[in-house]
Amino acid sequence: MSKIKPQTLKGFRDFLPETMLSREHLMQTARDVYRSFGFAPIDTPALEYTEILLGKGGDESDKQMFRFTDQGNRDVSMRFDLTVPFARFAAQHLNELGTPFKRYHMGAVWRAEKPQKGRYREFVQCDFDTIGTSSNAADIETLMVIHELMDRIACGEFTIRVNNRKVLNGLLEKLDLTEQSVNVLRALDKLPKIGREKVLAEMTEQAGIDNERAAQVLDFAGLSGTTEELLTQVGAMVAGNETGETGVAQARELFDVASSAGLPAQRLQLDLSIARGLDYYTGTIYETFLADLPGIGSVCSGGRYDNLAELFTSQPLPGVGASLGLDRLLAALEELGKLETASTPTQVLVTIFDPAWIADSFRIARQLRKSGLAVEVYADHKKLGKQFQYADKKGIPIALVAGEEERATGSWQVKDLRTGDQSPYPEAELAGHLAELLAKNC
RNA sequence: GUGGCCAUAGCUCAGUUGGUUAGAGCGCCGGAUUGUGGUUCCGGAGGUCGGGGGUUCAAGUCCCCUUGGUCACCCCA
């Protein structure tokens, strides 16, 4: 009888323990950070009515949706991000939630696009948003959260690039280019990648604006200098335009407060060229790049929007938030060789010296678990060498052994597989000593 | 969605202009006088050459389709 070929769909993946341990570790860190800022967890269904999702992220995201008719003949789609379902969620539950409302949401999203490195059809996003306030304080806090996340996760340097769409929009208003803003911003977004000449060409050919104004936009985006210098120059360029002036003021406050709060200046960069592809951003915009691997793209992006849920409710819901791209970050860390290598969460392996004494092993294991350690009793009756080999292969740092001698004195041999050191400890001191040992190299 | 490249053991790959039973390293399993791993030595398992069709006396090798991977564009986490 022929077997079914075991295979996964294009862009979908299995995760082995080694990878999964890293994923869960990252998620736990993100969770800790979000909670430490007071964000509360929510979840929403993977599947929504198509009309809920359609047209919310621009034409591109519509094309990328997994869409089908369910058994009840409903037109349904899988969520392609966590923001749009959140808009629906917020509109539906606003009266129960109250504002401002801060939530985090970690879950898989699906996009039917062509897979590439760091781009999958199913991937996990870790979103956080603050809704119900237009205050710049929320924008500032969002920056702080991104910084804290990356500081604890990235294992290396990173740059958070910040811009404010109001600044850009102010300039476009002044140049009377509001109509073409979507195309102009999209072209502008490519500046670091394809260079000034090509962006200029795209603006004149596709956005249909004249050379002079395209050049002005580019001059604007290409400004350089310290953040303070940039803000001053930009301020002058948008002077007299209310939107632009507001944007500059907000950006200035954001950088000032971040600096006062102790965020390292070299990790923050005012980048007038980033615009973000998604259409719904209206204020501060964030993108985060790893210093060691900028090519993989932004690993944490977001921004401010004026009205998250306008399609679902007449209640205005301004907000700001960002999304950590867990799978992309993981792909980056893997490429940089910064992933953990253990393939089990076990910290201590209790060996079985003699099958007749198996109760001792289970007893001590239970006792150690109570003190918070991850403890595993070897699952088979094999000789000690095999048991150590197993521990070594799985990356378990410590093994316990008790033979006749140890049993007679109520003690266990504690072997540190990382160093090879071994010495006996009475059961009462075991937990404390193990905690001490484990704290060393991790 | 458009275009390029790729696909041989769990992994990284070798396989001469198409020619007998398809190889290596690493990994995996077992063993080297049963109270101790990582090193070394010995042995073993594992591939209908991604799948399907075609050309040929003969296909891992050539052609078509398909599935998957990868890169660029597009877009994005």
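Residue numbers start from 1 in every chain, and the chains themselves are labelled A, B, ... in the order their sequence lines are given, proteins ahead of strands. Predicted model, so just to flag it, every value in this text is computed and none were measured.
B:U17 and B:G46 have their C1' atoms separated by 33 Å, with the value rounded to a whole Å. Comparing the same atom, C1', in B:C62 and in B:A24 gives a spacing of 27 Å after rounding to whole Å. One P atom belongs to B:G4, the other to B:C64, and the distance between them is 12 Å to the nearest Å. Going from the P atom of B:U67 to that of B:G52 covers 15 Å, rounded to whole Å. Rounded to whole Å, the separation between the P atoms of B:G69 and B:G50 comes to 16 Å. Comparing the C1' positions of B:U8 and B:A59 gives an interatomic distance of 14 Å, to the nearest angstrom. Comparing B:A14 with B:U56, their P atoms sit 31 Å apart, to the nearest whole Å. Nucleotides B:U70 and B:U12 place their P atoms 12 Å apart, quoted to the nearest Å.
Nucleotide B:G10 forms a Watson-Crick or G-U wobble pair with B:C26, both donor-acceptor distances falling under 3.5 Å. Within the shown strands, B:G69 is the pairing partner of B:C5 under the Watson-Crick or G-U definition, both distances less than 3.5 Å. The partner of B:G47, taking Watson-Crick or G-U wobble pairs whose two distances both stay under 3.5 Å, does not exist in any strand shown. Across all strands shown, B:U36 forms no Watson-Crick or G-U wobble pair with both distances under 3.5 Å. When both pairing distances are held under 3.5 Å, B:G18 makes no Watson-Crick or G-U pair with any nucleotide shown. The nucleotide B:C75 finds no pairing partner, because no Watson-Crick or G-U wobble arrangement with both distances shorter than 3.5 Å includes it.
Straight-line distance from the CZ atom of A:Arg121 to the P atom of B:U67: 11 Å, rounded to whole Å. A straight line from CZ of A:Arg79 to P of B:C76 spans 20 Å, rounded to a whole angstrom. Following rounding to the nearest Å, A:Glu404 (CD) and B:G35 (C1') show an atom-to-atom distance of 10 Å. Distance NZ (A:Lys394) to P (B:G27): 16 Å, rounded to an integer number of Å. The CH2-P distance, from A:Trp412 to B:U36, rounds to 16 Å in whole Å. Distance, A:Ile146 CD1 to B:A77 P: 12 Å, rounded to whole Å. Rounded to a whole Å, the NZ atom of A:Lys393 is 11 Å from the P atom of B:G27. In this entry the distance linking CG of A:Leu82 with P of B:C76 reads 16 Å, nearest Å.
Nearest to the side chain of A:Phe388, among B:G35, B:C75, B:G37, sits B:G37. Among the nucleotides B:A77, B:G30, B:G35, the one closest to any side-chain atom of A:Lys386 is B:G30. Side-chain proximity of A:Lys415 to the nucleotides B:G37, B:G30, B:C75 is greatest for B:G37. Candidate nucleotides B:G35, B:G38, B:C76 were compared by shortest atom distance to the side chain of A:Val401, and B:G35 ranks first.
Within 6.0 Å of atom CD in A:Glu405, 12 or fewer heavy atoms from other residues, nucleotides or ligands are found, so the atom counts as exposed in its surroundings. Surrounding CZ of A:Arg366 are at most 12 heavy atoms belonging to other residues, nucleotides or ligands under 6.0 Å away.
Contact of A:Arg111 with B:C75 (side chain to base): no donor-acceptor pair of N or O atoms is detected under 3.5 Å. You'll find a donor-acceptor pair under 3.5 Å spanning the side chain of A:Gln422 and the base of B:U36, going by distance alone. The base of B:G35 is paired with the side chain of A:Glu406 by a donor and an acceptor separated by under 3.5 Å. A donor-acceptor contact under 3.5 angstrom links the side-chain atoms of A:Asp392 to the base of B:G37.
In this structure, the separation between SG on A:Cys300 and CG on A:Leu326 is 11.0 Å, given to the nearest 0.5 Å.
Summary of the strand contacts: A:Ala112 and A:Tyr390 both lie near RNA chain B, and taking for each the nucleotide with the nearest heavy atom, the more 5' one is attributed to A:Ala112.
Heavy atoms of A:Glu113 sit under 4.0 angstrom from at least one base atom. Contacts of A:Gln387 with the nucleic acid, taken as non-hydrogen atoms under 4.0 Å apart, are absent.
Listed for the A:Glu406 side chain is a donor-acceptor partner under 3.5 Å among the backbone atoms of A:Gly403.
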Practice item. Could you walk me through whether A:Phe89 and A:His105 pass the ring-ring contact (aromatic ring centres under 6.0 Å, His included) test, one step at a time? Key: CA-CA 12 Å; A:Phe89 174 97; A:His105 187 182; 7.8 Å; no
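Proximity of the aromatic rings of A:Tyr378 and A:Tyr390 is defined here by a centroid distance below 6.0 angstrom, and this criterion is met. Remark: aromatic rings of A:Tyr104 and A:Phe128 are distant, center separation not under 6.0 Å.
Between A:Pro115 and A:Glu122 there is no side-chain heavy-atom pair separated by less than 4.5 Å.
Evaluated for a side chain to side chain contact (heavy atoms under 4.5 Å, CB included) with A:Leu168, the options A:Val217, A:Asn163, A:Val234 yield exactly one hit, A:Asn163.
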Between N or O atoms, less than 3.5 Å apart, protein on one side and nucleotides 69-73 of chain B on the other: list the pairs.
{"from": "B:G69", "atom 1": "OP1", "to": "A:Gly11", "atom 2": "N", "distance (Å)": "2.7"}
{"from": "B:C71", "atom 1": "OP2", "to": "A:Lys117", "atom 2": "N", "distance (Å)": "2.6"}

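With sequence neighbours left out, the ring-ring contact (aromatic ring centres under 6.0 Å, His included) criterion links A:Phe123 to no other residue.
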